[in-house]
Amino acid sequence: MNELSNMPLSQLPSYAERDTKFEKKAHYSQIVARFQKADGSQIQNLVYLIDTIGQMSPEIYEHYRSLQDLFRQNIRSLLERIRRPDGTYLVNSDEERQQLSYCLEKACADRTLLPEKYHDLHIIIGGNV
């Protein structure tokens, strides 16, 4: 666990891929624990989380589902925080808009999120989120 507790989140998708292919999914619980300790309010961390989910096997349902639930909780909180009264979603930069769009598209594609609920969000760039 020590190796994973100090590992940057950016490395977890490739770590999960190796663990899935070569380590018989032995570190899934540690991967889940690492994301549970991470700051889920940051869009970049949600990118790492959805990419990690994509590398994990749904056959290990408990851990796979834990990450999906964590992603859902964090994306809902983020969207609530950045939602404006006019129904648009305000981010700070084009990079954040691209990251958020990527997260939503990938999460809908792998059924972490229901596409019909998230396919038509209007994300705009502006002030401090």
Side-chain angles (χ1 to χ4, degrees):
M1 177 65 174
N2 194 18
E3 174 188 353
L4 235 81
S5 63
N6 296 322
M7 185 178 291
L9 292 179
S10 62
Q11 293 179 8
L12 286 177
S14 59
Y15 184 89
E17 179 183 26
R18 283 190 309 277
D19 195 57
T20 300
K21 290 180 179 178
F22 305 113
E23 300 292 328
K24 300 180 182 178
K25 306 162 189 91
H27 301 98
Y28 275 18
S29 63
Q30 295 169 351
I31 293 168
V32 171
R34 181 67 177 91
F35 275 109
Q36 287 171 333
K37 293 177 185 172
D39 181 1
S41 68
Q42 301 298 312
I43 296 172
Q44 183 62 59
N45 290 349
L46 292 175
V47 170
Y48 301 140
L49 177 54
I50 199 63
D51 284 346
T52 299
I53 291 169
Q55 297 301 323
M56 294 179 74
S57 172
E59 294 170 354
I60 312 299
Y61 182 76
E62 176 185 344
H63 300 306
Y64 186 82
R65 179 61 189 257
S66 292
L67 288 183
Q68 285 185 313
D69 289 345
L70 186 61
F71 181 86
R72 287 182 192 114
Q73 174 188 357
N74 288 327
I75 198 75
R76 282 186 199 121
S77 294
L78 173 67
L79 291 173
E80 286 174 14
R81 193 178 85 230
I82 67 172
R83 188 171 196 272
R84 295 175 13 156
D86 66 0
T88 59
Y89 296 85
L90 185 67
V91 294
N92 290 321
S93 66
D94 188 51
E95 180 182 9
E96 283 187 359
R97 185 186 56 76
Q98 290 174 6
Q99 290 173 336
L100 182 56
S101 295
Y102 171 82
C103 283
L104 292 169
E105 288 173 19
K106 190 162 184 175
C108 288
D110 75 6
R111 306 297 290 175
T112 295
L113 296 176
L114 297 174
E116 53 273 8
K117 288 180 73 174
Y118 296 92
H119 76 284
D120 198 22
L121 297 182
H122 299 285
I123 304 167
I124 61 173
I125 302 167
N128 297 320
V129 176

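Position 1 is the first residue of the sequence; numbering continues from there. Note that these values count all heavy atoms, side chains included, but never hydrogens, waters or copies made by symmetry.
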Got a donor-acceptor contact below 3.5 angstrom from the R34 side chain to the L12 backbone? no
Of all heavy-atom pairs between P115 and C108, which one has the smallest distance, and what is that distance? CA-SG, 3.6 Å
Contacts of type side-chain contact (heavy atoms from CB on, under 4.5 Å), residue E17, not counting sequence neighbours: K21, Q55
The reported gap from CZ in R111 to CD1 in I53 (rounded to nearest 0.5 angstrom) is 14.5 Å
Please determine whether residues L121 and L114 belong to a single hydrophobic cluster, defined as Ile, Leu, Val, Met, Phe, Trp and Tyr linked transitively by side-chain heavy-atom distances below 4.5 Å. no
Rounded to the nearest 0.5 Å, what's the gap from CD1 on I75 to CG on L70? Could you check? 11.0 Å
Under 4.5 Å between any side-chain heavy atoms of I123 and L104, yes or no? yes
Give, for atom OG of S66 and atom CD1 of I60, the distance between the pair rounded to the nearest 0.5 Å. 12.0 Å
Rounded at 0.5 Å granularity, tell me how far CG in L49 sits from CZ in R72. 11.0 Å
Across all chains, not counting sequence neighbours, the side-chain contact (heavy atoms from CB on, under 4.5 Å) partners of S93 are E95, E96
Would you name the heavy atoms of A16 and M56 that are closest together and state the gap between them? CB-CG, 3.9 Å
What distance do L9 atom CG and D51 atom CG have between them, rounded to the nearest 0.5 Å? 11.5 Å
Among all residues two or more places apart in sequence or in another chain, which pass the side-chain contact (heavy atoms from CB on, under 4.5 Å) test with E23? D19, H27
Across all chains, not counting sequence neighbours, the ring-ring contact (aromatic ring centres under 6.0 Å, His included) partners of Y48 are none
Side-chain donor/acceptor of S77 to backbone N/O of N74, under 3.5 Å: no
F35 vs N45, side-chain contact (heavy atoms from CB on, under 4.5 Å): CA-CA, chis, key distance, verdict: CA-CA 9 Å; F35 275 109; N45 290 349; 5.9 Å; no
Answer yes or no: is there a side-chain heavy-atom contact under 4.5 Å between L79 and R76? no
Enter the distance from I43:CD1 to I82:CD1 here, rounded to the nearest 0.5 Å. 5.5 Å
Ring pair (Phe, Tyr, Trp, His ring centres under 6.0 Å): which pairs involve residues 54-102, sequence neighbours left out? none
Audit row: I124, R84, side-chain contact (heavy atoms from CB on, under 4.5 Å) steps and yes/no: CA-CA 10 Å; I124 61 173; R84 295 175 13 156; 3.5 Å; yes
Please list, chain by chain and in numerical order, all residues satisfying side-chain contact (heavy atoms from CB on, under 4.5 Å) with E59, sequence neighbours excluded. K25, S57
I'd like to know if K106 pairs up with D110 as an ion pair, taking the criterion as any Lys NZ or Arg NE/NH1/NH2 lying under 4.0 Å from an Asp or Glu carboxylate oxygen. no
Give the C-alpha distance, both sets of side-chain angles, the deciding distance and a yes or no for side chain to side chain donor-acceptor pair (under 3.5 Å) between Q73 and D69. CA-CA 6 Å; Q73 174 188 357; D69 289 345; over 6 Å; no
If only side-chain N and O atoms count, and only distance matters, is there a donor-acceptor pair under 3.5 Å linking Y15 with T52? no
Closest approach of L78 to L46 (non-hydrogen atoms, all atoms of both residues): CD2-CD1, 3.8 Å
